[in-house]
Amino acid sequence: MPHLTCEKLSFSYPESPAKTIKEISFKVPAGSFCTLCGPTGSGKSTLLRMLKPELCPNGTLTGKRTIFERDIASFAPEESASLIGYVMQNPVAQIVTDSVWHELAFGLENLGVPTQEIRRRVAETAQYFGIQSWFNKKTSELSGGQKQTLNLASIMVMQPKILVLDEPTSQLDPIAAKDFITLLNRIHNELGCTIILAEHRLDDVLPLSDVVLFLREGHLDFQGERQEFARYVYSQAFEYRHYLPVATRISFMAHDRVGKMHEENDVALTRFAFTVNEARKNIETLATDISVKQEARFMSAQETHAHYGTDSPRVLEAKDLWFRYKKDAEPVLQGLSLRVQKQTIHAIVGGNASGKTTLLHLLADGLKPLRGSVKISKGERRGLLSQNPQTMFIKDTVIEDLLEVAGNSAQAHTEALEQLKAFGIEHCSLSHPYDLSGGEMQKAALAKLMLINPSIVLLDEPTKGLDARAKQEFGTLLLRLKAQNKTIVMVSHDLDFVAQYCDECSLIFNGGITSSGPSRSFFEHNTFYTTNAYRATRGLVEHCVVFEDYMRYIKALDKSEGKIER
Amino acid sequence: MRRSLFSLAHPAVIFLYFCAVIVLCMSTLNPAFVLLSYVGASALAIFTSGLRRYGKTCLVFIPVFLVITLANALFNHLGETFLFHAGPLRLSLEALIYGATSALMLLSVILWFLSYQNIMTTDKFLCLFGRIMPATSLIMSMIFRYIPLLANRGHEILMSQKNLMGDVPRKKLQSLSYGARLSSILMGWSLEQSIETADSMRARGFGSHKRTTYTPFSFGGFDVVALMLLAFLTIISLYNLIVARADFMFYPYFSLSLPHALVTTSYALLLLFPFLVELKGALSCRI
């Protein structure tokens, strides 16, 4: 029985001629796990909001949308509140009250549920979500992952039949994001709740999905089961391949290769991989001949060796740093030392609350260390971009904001415009900074920062919440800055991004840097804290840290096969 | 801060206890009672906030105590037992004792409030008065959520802007405009984020129904007994207050009439009520 049905649904915002959602029809069966994906700006959020009457944006809506064969707009607020749960992106902004228990009770209080009933439901929900240990805490003391778990729990306490989530993990670090998805899976499996999830980080989500909806520029380009989705992207939407999990992309390449060997290779019969484990099996089937494999491994390993970093002079050095926020608090940093080489991209990685951001602020001279020192080479200037680019903007348009730093002369104006152009966001110059998408806002903030002409750029989680494409653009931008003789230090959770673009990588743990080195060897030495591509190829292909390395191996396979045939 | 068993009692019990001890403390100047109250307040303060913090507080108390005592002794000439006589300056024993007693009373009230703050947290207060003023209690809760949130955001903005615009200027006017700049960013950012908070409230049915108020505290059998016991002790002590007050005077001659033993005991038991709870807990643990 279909649970949620949309028929010829269209939507346009007021004063905008173009439709944001264009004649979409789909059905979501009861109890399914539905993933809605698509590039930024394709209308995912608008579509999700239309499923919840209170959040439906103002504008012209045509077509039918029903839940249990009732029109969604006909639901009274209290019915909707207990039937459709809605979790949003930002873990912080969704929290309403000061304490965890109050947050859990908030929805039930709104519905006028009697105190005894609230007590029972809050207790069992807290139990189910593992909240007991922090039930009595203040919401401001929670970590990002805990905050989002709380948001989910305070929706689930109202026992909704449908759970709608709009990119709930985009602001979380990968471990917290995985935990959150695991929790969703539990809710789905154990409670039979229908889940509709918009996501762009598909690695963890696709293996769980029954239904995939693919939205592009307001059109529903695909709906169906996940294997079909992989086939669809494989054969029709090539440009969206990089949105897919690394495992799936690996199996695409395997399919390509097998196709060359056997003429009758039907896409419709192939089962593509979604998990690292499946991908590993796929890699093993790539070639049967052991000598071909060995030759290819050798060849690709030799090629990648050229990519290791070299020594260059230091520009930034931290020596024996100690830091604590409060007088009696445990020091966050305990004798940390770090060296950053000139004209490199240096990544600092590590778990939540390990002191990464603190270290960055110390390096930027924003905080003073308890002990130890931070030294920079003569003539270098530091610029810091904080985790939230909103902290950078003050004016009503992007260009005004840039001019505020550049000065108000005609020359400054052209300089600012050129900067925007160089960052690929000149079309945003007259928009309000808050109206930009995550990727654009990040770039605008960096553009503003670059106007003070720093030679060392410090970035705090610059890829947080960006989709695959925005990340790629941002990475390219970083490489260009590096080519312009800038040194970049970035704090990040995004290991795939770090592996792809960074030269050096340092792991911060327990208040110090525990390992530091060229990012390639860094990732190759780790088993858990490494990229998906490396996990999938570990022991099968050498030095394969990012997907591009894997492609190199495939080429090497072709070559070595040719050699042996000859 | 140590978590006492008493702090786990229902907020009504805690609130009544503090009301009783503070009101009783303020309404008698019998040195015996004042001293008793001070000892009780000290014991609870040490228990809830630790010896170190208590010691620091007492360091501040000493000059206050001396100033009040001496001021009364120097400017009050009602006593008849002179200790010291020099020209217009007369120092009587009665005035000295009166000053010391009133200073001690003031200090014990402060100590009681210190413990009150440690035990009666805002959520307990709201639990008690949330039913009477449900809207206010929700707003309070939201405000308490916003204070640390704004502080965090403010810190992040400061870090970001310091880097972009240089340090906070020394000159007053410039530093004012710098501050205005920071708060303008804070306002903009917070307003933008609060749209999502509002959405989150609406998504959870805010305004769809008459709200109920939930508190995590339940009123159990222990609380009934404790409340009754507290009420009983308070009434005896109050009675004593009214009756014994007449028997006792500072001026013209100081006469220390000790109150009735039973009454004193009940007052002491009232003051040490949190420790009785603790003792009961310790005893039941041992079994």
Side-chain angles (χ1 to χ4, degrees), chain A residues 52 54-55 76-78 80-82 84-86 88-90 92-99 101-102 105-115 118-119 122 135-136 138-140 151 154-155 158 361 364-367 382-388 390-394 405 434 448-449 452, chain B residues 121-123 126 131 134 137-138 140-149 151-167 181-182 184-186 188-216 218:
Chain A
K52 176 94 179 155
E54 295 83 41
L55 300 182
E78 61 257 44
S80 146
S82 50
I84 313 161
Y86 197 98
M88 283 168 264
Q89 202 178 82
N90 191 330
V92 181
Q94 283 177 79
I95 293 177
V96 178
T97 62
D98 65 332
S99 47
W101 63 262
H102 200 172
F106 178 74
L108 297 175
E109 286 182 337
N110 288 339
L111 298 179
V113 177
T115 311
I118 297 183
R119 189 182 307 282
V122 163
F135 185 74
N136 286 314
K138 297 278 157 212
T139 48
S140 57
N151 287 325
S154 51
I155 296 290
M158 297 194 280
H361 284 161
D365 204 27
L367 295 171
R382 288 169 282 194
L384 170 82
L385 187 58
S386 90
Q387 214 173 99
N388 297 297
Q390 287 95 331
T391 58
M392 298 285 285
F393 303 118
I394 188 161
V405 177
Y434 286 170
K448 185 173 181 185
L449 183 69
I452 65 167
Chain B
T121 46
T122 27
D123 48 342
L126 289 180
R131 252 172 270 254
S137 86
L138 178 65
M140 292 273 278
S141 176
M142 290 175 72
I143 290 173
F144 283 122
R145 146 124 194 85
Y146 261 94
I147 293 169
L149 191 68
N152 279 345
R153 281 185 190 150
H155 179 78
E156 202 179 328
I157 291 170
L158 179 67
M159 286 289 155
S160 197
Q161 290 292 316
K162 240 163 118 178
N163 192 269
L164 199 64
M165 311 296 290
D167 263 325
R181 182 189 168 84
L182 295 184
S184 149
I185 300 175
L186 181 63
W189 187 18
S190 298
L191 280 176
E192 194 237 359
Q193 298 266 300
S194 62
I195 297 173
E196 202 164 324
T197 311
D199 279 345
S200 157
M201 289 173 77
R202 267 188 304 166
R204 283 189 274 164
F206 183 72
S208 68
H209 212 279
K210 194 176 173 342
R211 277 174 61 83
T212 44
T213 311
Y214 166 72
T215 61
S218 52

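Hydrogens, waters and symmetry mates play no part in the numbers below; they use all other heavy atoms, side chains included. Letters A, B, ... are given to chains in the order of the sequence lines, protein chains preceding strands, and every chain is numbered from 1.
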Original post:
Of the options A:Thr97, A:Val96, A:Thr139, which is the one that meets B:Arg145 in a side-chain contact (heavy atoms from CB on, under 4.5 Å)?
Top reply: A:Thr139
**OP:** Output yes when a side-chain donor or acceptor of A:Gln94 lies under 3.5 Å from a complementary backbone atom of A:Met88, and no otherwise.
**Re:** yes
Subject >> Polar side chain donor-acceptor pair, A:Asn110 to B:Arg204, under 3.5 angstrom >> reply: no
Original post:
Under 3.5 Å, side chain of B:Ser141 to main-chain N/O of B:Ser137, donor-acceptor pair present?
Top reply: no
Original post:
What part of B:Lys210 lies closer than 4.5 angstrom to a heavy atom of chain A: side chain, backbone, both or neither?
Top reply: backbone
Original post:
For B:Gln161, is it the side chain, the backbone, both, or neither that has a heavy atom closer than 4.5 Å to a heavy atom of chain A?
Top reply: side chain
Original post:
Would you say B:Glu156's side chain and A:Thr391's backbone share a donor-acceptor pair under 3.5 angstrom?
Top reply: no
Original post:
Checking heavy atoms, do the side chain of B:Ser218, its backbone, both or neither come under 4.5 Å from chain A?
Top reply: both
**OP:** Sort B:Glu192 into side chain, backbone, both or neither according to what part of it lies under 4.5 angstrom from a heavy atom of chain A.
**Re:** side chain
Original post:
Is chain B contacted by the side chain of A:Leu55, its backbone, both, or neither, given a heavy-atom distance below 4.5 Å?
Top reply: side chain
**OP:** For each of B:Leu149, B:Asn152, B:Thr215, tally heavy-atom pairs with chain A at distances under 4.5 Å, and name the one with the top tally.
**Re:** B:Thr215
Subject >> Engaged part of B:Thr197 at the chain A interface, taking heavy atoms whose separation is under 4.5 Å >> reply: both
Subject >> Heavy-atom contact with chain B under 4.5 Å, split by part of A:Leu111 >> reply: both
Original post:
Considering only heavy atoms, which portion of A:Val122 lies under 4.5 Å from any heavy atom of chain B: side chain, backbone, both, or neither?
Top reply: side chain
Subject >> Proximity breakdown for A:Ser82 and chain B, heavy-atom pairs closer than 4.5 Å >> reply: neither
